[in-house]
Amino acid sequence: MLITDLIRKNILELKPYSSARDEFKGEASVFLDANENSWGSPYPIAYNRYPDPLQKTIKKRLSELKNVRPEQIFLGNGSDEAIDILFRVFCEPGLDNVIILPPTYGMYAVQGNIHGTEIRRAPLNEHFQPDVPAILALADERTKLLFLCSPNNPTGNLFDHDTVAQLLREFKGIVVVDEAYIDFATTVSWANKTDEYPNLVVLQTLSKAWGLAGLRVGMAISNETIIGYFNKVKYPYNIGLATLAIVEQALQSEAQYRSFVAQLNADKSILEKELADLAFVEKIYPSDANFILVKVRDAQVTYDYLAQNGVIVRNRSKEINCENCLRITIGTTAENEQLIALLKGMA
Ligand SMILES: *Cc1c(COP(=O)(O)O)cnc(C)c1O
């Protein structure tokens with residue numbers, strides 16, 4: 001399989017926008033090439049210059065953290081931007097299709113609808129694992145993307161390693177492994193397998209374990225060829241200077257990030273035990289993420305009761321095979337205790 005055969009023809013032939021910063025790369029002291037305001041900004045910090053289009057400083061740091069080459073990383077306005085760009089690079093509107101495995105993250109279908117791309121659905125099996133024969137049977141020569149979310153949102157589980165490997169070998173398109181929650185999992189990331197599988201694109205984010213959802217920074221990790229097309233298609237300056245500066249500092253605090261993960265995983269175990277003691281809790285699904293999917297007697301009643309008491313969880317009952325399921329994010333220890341105290345009072 002040739003990756004370039006999967007890319008839209010207009011994108012293959014696209015001559016990307018060339019910015020002032022792309023065209024002059026040497027040393028200089030006077031920049032009169034980008035129509036910026038050389039006086040500065042009406043603000044204590046100067047933001048009058050355009051940011052680095054390829055975010056090289058942060059990619060260098062991320063490449064150390066993720067053990068990949070900097071050129072293998074695309075940075076976007078959340079990993080949601082990476083999902084958007086996947087459609088723009090690979091899916092010919094009105095002609096191509098993609099496969100998703102419900103119940104899963106809602107943005108894949110929304111982006112598909114925005115881009116005029118048919119969405120094909122191969123529901124996860126009763127263990128919330130991919131149904132490989134069903135996926136392969138749904139695929140045809142116009143199937144460009146297969147979205148695997150592992151750990152999966154909203155179910156919380158990882159997909160089996162061998163199942164993902166089989167799909168990477170046998171699916172004749174791009175396999176997107178969305179690892180938004182990989183930081184909480186005990187298994188290794190697929191991000192280090194992109195040399196082995198040329199059709200693999202891994203999505204990760206700073207929004208969950210790194211605690212930077214408000215900044216909007218996510219990434220795609222793949223081989224340099226695919227990331228090169230991402231860079232061709234993206235907006236030239238897609239991440240602002242203020243965000244870059246904060247992220248650069250935050251990425252120095254790896255110890256804090258690790259302690260967040262340890263704390264959230266420990267509190268998840270406590271919450272699981274407490275929930276198991278409640279009479280109206282019917283099932284707690286195993287989670288490798290920072291949330292738990294819980295089946296209760298009546299999800300709407302439980303949701304409304306919690307909401308009336310100021311605690312908001314997510315009712316996922318309308319998703320396939322998630323009847324009466326609530327998705328509960330692990331909060332601070334105090335927040336989790338408040339939730340449990342409320343639920344105990346409900347019974
Ligand atoms: C939260 C989430 C993301 C998106 O994260 P960004 O904030 O856009 O980086 C991506 N995929 C899944 C499955 C998520 O749950």
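Counting starts at 1 for both ligands and their atoms, following the listed order.
- Side-chain contact check for Tyr105 versus Ile100: every heavy-atom pair is 4.5 Å or farther apart.
- Using a 4.0 Å heavy-atom criterion, the residues that approach ligand 1 are Gly78, Ser79, Asp80, Tyr105, Cys149, Asn153, Asp178, Ala180, Tyr181, Thr205, Ser207, Lys208, Arg216.
- Side-chain atoms of Glu81 and Asn238 form a donor-acceptor pair, as typed in the model, at a separation below 3.5 Å.
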For Asp304 and Gln308, what are the C-alpha separation, side-chain angles and deciding distance, and is it a side chain to side chain donor-acceptor pair (under 3.5 Å)? CA-CA 6 Å; Asp304 290 341; Gln308 278 153 19; 5.6 Å; no

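- A donor-acceptor pair shorter than 3.5 Å cannot be found between the side chains of Thr333 and Asn336.
- For the residue pair Asn97 / Asp140, a side-chain donor-acceptor distance below 3.5 Å is found, with atom types taken as modelled.
- Taking Lys9 as the reference, Glu13 meet the salt bridge (charged side-chain N to carboxylate O under 4.0 Å, His left out) condition, with sequence neighbours excluded.
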